[in-house]
Protein chains: 2
Amino acid sequence: MGNINIRALAKELNLSISTVSKALKDSYEISVETKKRVLALATELNYSPNPYASSLRRKKSNTIAVVVPEVADSFFSLAIKGIEEIAQEKGYHVLVYLTYENYIKEKKILEEFKNGRVDGLLISVTSETTDSAHISDADLNNIPIVLFDRVIEELEMAKITTNDFESSYAATRHLLDGGCINIFYLSISKCLGINNKRIEGFIQALSDRNIKFDDSNIVNCSNDINDNEHLLTALLTQNNKPDGIIAGVEKLITPVYSICKQLHIKIPEDLKIASFSNSPVAHILNPSLTTITQPAFEMGKMAATILFKAIEKKGYTIKSENAVLRSTLFIRESTAPAATGLCPSFDLF
Amino acid sequence: MGNINIRALAKELNLSISTVSKALKDSYEISVETKKRVLALATELNYSPNPYASSLRRKKSNTIAVVVPEVADSFFSLAIKGIEEIAQEKGYHVLVYLTYENYIKEKKILEEFKNGRVDGLLISVTSETTDSAHISDADLNNIPIVLFDRVIEELEMAKITTNDFESSYAATRHLLDGGCINIFYLSISKCLGINNKRIEGFIQALSDRNIKFDDSNIVNCSNDINDNEHLLTALLTQNNKPDGIIAGVEKLITPVYSICKQLHIKIPEDLKIASFSNSPVAHILNPSLTTITQPAFEMGKMAATILFKAIEKKGYTIKSENAVLRSTLFIRESTAPAATGLCPSFDLF
DNA sequence: CTGAAAGCGCTAACAA
DNA sequence: TTGTTAGCGCTTTCAG
């Protein structure tokens with residue numbers, strides 16, 4: 001009934017509590033005979049140890065926390081999947097927290113980790129997060145932390161990222177090669193480091209080709225769908241019309257495509273589009289979408305793997321671990337050069 | 001430093017442990033003055049209570065578990081989001097477990113809940129799950145359970161589902177109205193109740209129109225992508241070619257669309273397609289996809305809300321709660337009748 | 001209004 | 001090889 005504990009087993013078997021405890025842990029101190037008896041009764045009575053008693057005593061929760069801005073997004077879903085897979089292998093439990101791109105929420109959530117609730121933390125910060133004191137705080141409590149994807153540069157902690165500058169550069173270059181001369185970058189946040197790197201890659205590619213541009217070529221989108229629709233409609237109807245777009249985040253593709261359809265803007269003839277995206281359906285979109293695809297699942301796995309290195313080896317520091325994985329540019333129809341038909345999709349790198 | 005506990009506060013303030021404990025809980029027994037002092041020191045020392053000590057003592061974890069087959073899927077992502085939102089409101093923590101459609105894993109995961117780790121469980125079973133003893137077991141441990149989407153009929157527990165029969169019927173009817181006479185249903189599992197209801201709706205719609213069909217009109221897909229590609233290629237090249245497809249699950253759409261492109265099968269002219277799907281990009285696919293869309297986010301919220309009713313009111317039973325939410329049929333280009341252009345999408349019900 | 005004390009269920013010294 | 005015992009940090013009677 002759940003209320004069967006180690007004491008009940010001990011009583012039933014005429015053994016001491018500690019003997020039972022050790023037997024259940026398969027301790028070498030206990031005779032094979034006794035172990036058998038204990039195990040038999042345990043399974044018979046459907047005994048299951050109370051994890052919190054154990055956590056309290058051992059100061060170990062066997063639980064990790066994953067804090068992400070969003071889950072209904074291919075990147076984060078895949079990352080969580082990677083994390084969960086490793087955690088399951090290691091016998092750990094995974095607490096998932098969503099921040100909804102809200103810094104206050106993120107801060108409040110991290111408060112919960114200063115007290116032994118989790119043995120480690122994996123986090124990808126919100127687009128509002130500039131201050132990182134809340135993360136340092138968690139660090140001060142000696143819980144190992146791995147930042148992934150949306151990291152904070154200044155923090156001296158383990159970081160798993162992708163080659164954002166290079167992949168953004170490559171995508172921009174690809175649009176330029178296709179004949180674009182007025183490309184706009186759709187950004188999600190002014191403060192996100194990862195976003196800035198992507199923007200830098202974008203700008204560098206333009207500079208390298210001596211294409212003129214200014215701040216207005218960077219469009220700051222919001223987290224609100226309606227706002228974005230207005231913003232994007234304005235962008236696509238303004239005088240200085242874009243002939244190319246790089247979307248810094250997957251969720252902007254739906255409104256962009258919809259608006260183009262509405263306004264009869266032809267992709268890729270009138271407008272070429274590439275997006276950072278992990279959507280599995282990019283290649284069956286109309287037209288199929290050129291994407292910069294991050295190895296989300298692998299990032300999750302790697303982040304978790306590094307975290308467990310710190311958790312398992314006490315005192316071992318992972319603070320300088322700094323993996324940069326490579327994204328892949330999948331070239332598809334949405335960026336096909338003029339007068340060409342269907343491009344087969346392929347991996348650029 | 002995390003090792004600051006209630007005892008340290010008490011010592012510092014020359015108060016007893018219990019007074020401090022009560023003060024922190026804002027108990028009416030404690031003077032305003034004392035409360036102030038306690039709170040002040042607590043914040044100053046960055047005190048945070050140990051959740052597991054509290055859980056152990058109160059036999060309450062303030063944690064719920066969500067067990068789902070998959071997370072890189074729009075339906076489950078959205079459902080998790082709904083659940084997490086409610087949990088956050090209530091101040092609960094959410095443990096997420098993925099079963100990867102593996103019954104053994106599911107069983108092992110549920111084992112963990114017989115001991116107070118969680119105060120409640122939300123589960124959508126794997127496509128392999130036929131036996132439900134593991135779920136009844138968890139129930140016997142008095143932890144409230146809400147089954148959602150992929151439920152097990154036989155279990156007398158709270159269930160949140162959608163009108164699978166009706167929506168499948170409506171989708172099939174829609175294909176028939178569009179002129180299909182040889183529709184195939186792509187199924188994920190022979191044992192899943194939800195799947196069977198969808199199949200029944202499908203069959204009923206065919207029967208009602210006196211369309212002949214047999215078991216071969218139900219194609220059992222696997223969880224392996226490669227297997228499915230072969231299966232679907234075979235289906236689309238066989239003599240008895242389908243002129244309509246209903247996909248019982250979102251992830252089959254990518255291979256179906258790809259194969260059609262490869263084989264130059266025109267959608268919707270040669271083949272009309274409708275799919276159960278929560279993908280946000282259905283309407284920008286090529287061609288845009290007719291979907292039966294479940295209210296995934298709302299289902300998650302409702303499932304969590306019902307769970308909390310049971311958690312919060314001790315002894316209150318939710319076992320007979322049985323909400324059936326309505327899916328929406330979004331009619332789009334992939335099922336457009338011959339010679340018609342673009343259909344605006346609308347809600348059929 | 002405050003405090004003493006028992007104990008949630010388990011672990012780990014230490015003793016026997 | 002087994003048992004005794006002292007907590008982990010908190011909550012909650014019950015006394016004062």
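The sequence lines fix the lettering, A, B, ..., with proteins before strands; numbering per chain opens at 1.
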* Asked: Quick one: do the B/Thr162 and B/Gln294 side chains pair a donor with an acceptor below 3.5 Å?
  -> yes
* **For atom CG of B/Asn115 and atom P of C/dC10, their distance in whole Å** => 9 Å
* Please state how far atom CG in B/Leu24 lies from atom P in C/dT2, giving the value in whole angstrom units. => 13 Å
* To do: Check B/Val94, B/Thr305, B/Leu307 against B/Ile86 for a side-chain contact (heavy atoms from CB on, under 4.5 Å) and give me the one that passes.
  => B/Thr305
* Rounded to whole angstroms, how far apart are OH on A/Tyr52 and P on D/dG7? -> 26 Å
* Test item: side-chain donor near acceptor, A/Ser21 and A/Ser18, under 3.5 Å -> no
* Degree of bending, the helix from C/dC1-D/dG16 to C/dA16-D/dT1 (end axes from five pairs; round to 10°) -> 40°
* For B/Tyr316, check side chain to side chain contact (heavy atoms under 4.5 Å, CB included) against everything at least two apart and list the hits. => B/Lys309, B/Lys313, B/Ile318, B/Glu321
* **Counterpart residues, salt bridge (charged side-chain N to carboxylate O under 4.0 Å, His left out), relative to A/Lys301 (two or more places apart)** => A/Glu85
* To do: Measure from NZ on A/Lys25 to C1' on C/dT11 and round the result to the nearest Å.
  => 8 Å
* Asked: Will you find, in the side chains of B/Glu106 and B/Thr129, an N or O donor that is under 3.5 Å from an N or O acceptor?
  -> yes
Pairs under 3.5 Å (N/O, protein and nucleotides 14-16 of chain D):
none

* Is there a side-chain polar atom (N or O) of B/Ser16 under 4.0 Å from OP1 or OP2 of C/dG3? -> yes
* To do: Anything under 30° is parallel, anything over 60° is perpendicular, the rest tilted; go ahead and classify A/His93 against B/Tyr97.
  => perpendicular
* Under 4.5 Å between any side-chain heavy atoms of B/Tyr92 and B/Ile311, yes or no? -> yes
For nucleotides 5-8 of chain C, tabulate all protein N/O to nucleotide N/O atom pairs closer than 3.5 Å, reporting atom names and distance.
unit_1, atom_1, unit_2, atom_2, d
C/dG7, N2, B/Arg57, NH1, 3.2
C/dC8, OP2, A/Arg7, NH2, 3.1
C/dC8, O3', B/Lys59, NZ, 2.8
C/dC8, O2, B/Arg57, N, 3.4

* For A/Glu29, side chain to side chain contact (heavy atoms under 4.5 Å, CB included) partners two or more places apart -> A/Lys22, A/Ser27
* Could you walk me through whether B/Ser127 and B/Glu101 pass side-chain hydrogen bond (donor to acceptor under 3.5 Å, both in side chains), step by step? => CA-CA 6 Å; B/Ser127 52; B/Glu101 303 285 7; 3.0 Å; yes
* To do: Quickly work out the B/Leu15 CG to C/dG3 C1' distance and round it to whole Å.
  => 10 Å
* Does the distance from a Lys or Arg side-chain N to an Asp or Glu carboxylate O, for A/Arg117 and A/Glu112, drop under 4.0 Å? -> yes
* **Atom pair distance, as rounded to whole Å: NZ in B/Lys11 and P in C/dG3** => 15 Å
* **Residue pair B/Ile6, B/Asn50: steps toward the side chain to side chain contact (heavy atoms under 4.5 Å, CB included) verdict** => CA-CA 9 Å; B/Ile6 218 171; B/Asn50 182 309; over 6 Å; no
* Closer than 4.0 Å, any side-chain N/O of A/Ser31 to the OP1 or OP2 of D/dT1? -> no
* Classify the nucleic acid contact of A/Ser54 as base, sugar-phosphate or nothing, counting any heavy atom under 4.0 Å across all strands shown. => sugar-phosphate
* To do: Considering just the side-chain nitrogens and oxygens of A/Tyr47, establish if one lies under 4.0 Å of OP1 or OP2 belonging to C/dG9.
  => no
* Between atom CZ in B/Arg117 and atom P in C/dC10, what is the gap in whole Å? -> 13 Å
* B/Ser21 side chain near D/dC10 phosphate (N/O to OP1/OP2, under 4.0 Å) -> no
* Asked: Does C/dT2 have OP1 or OP2 sitting under 4.0 Å from an N or O in the side chain of B/Thr34?
  -> yes
* Taking CG from A/Asn14 and C1' from D/dT1, how many angstroms apart are they, rounded to a whole number? -> 16 Å
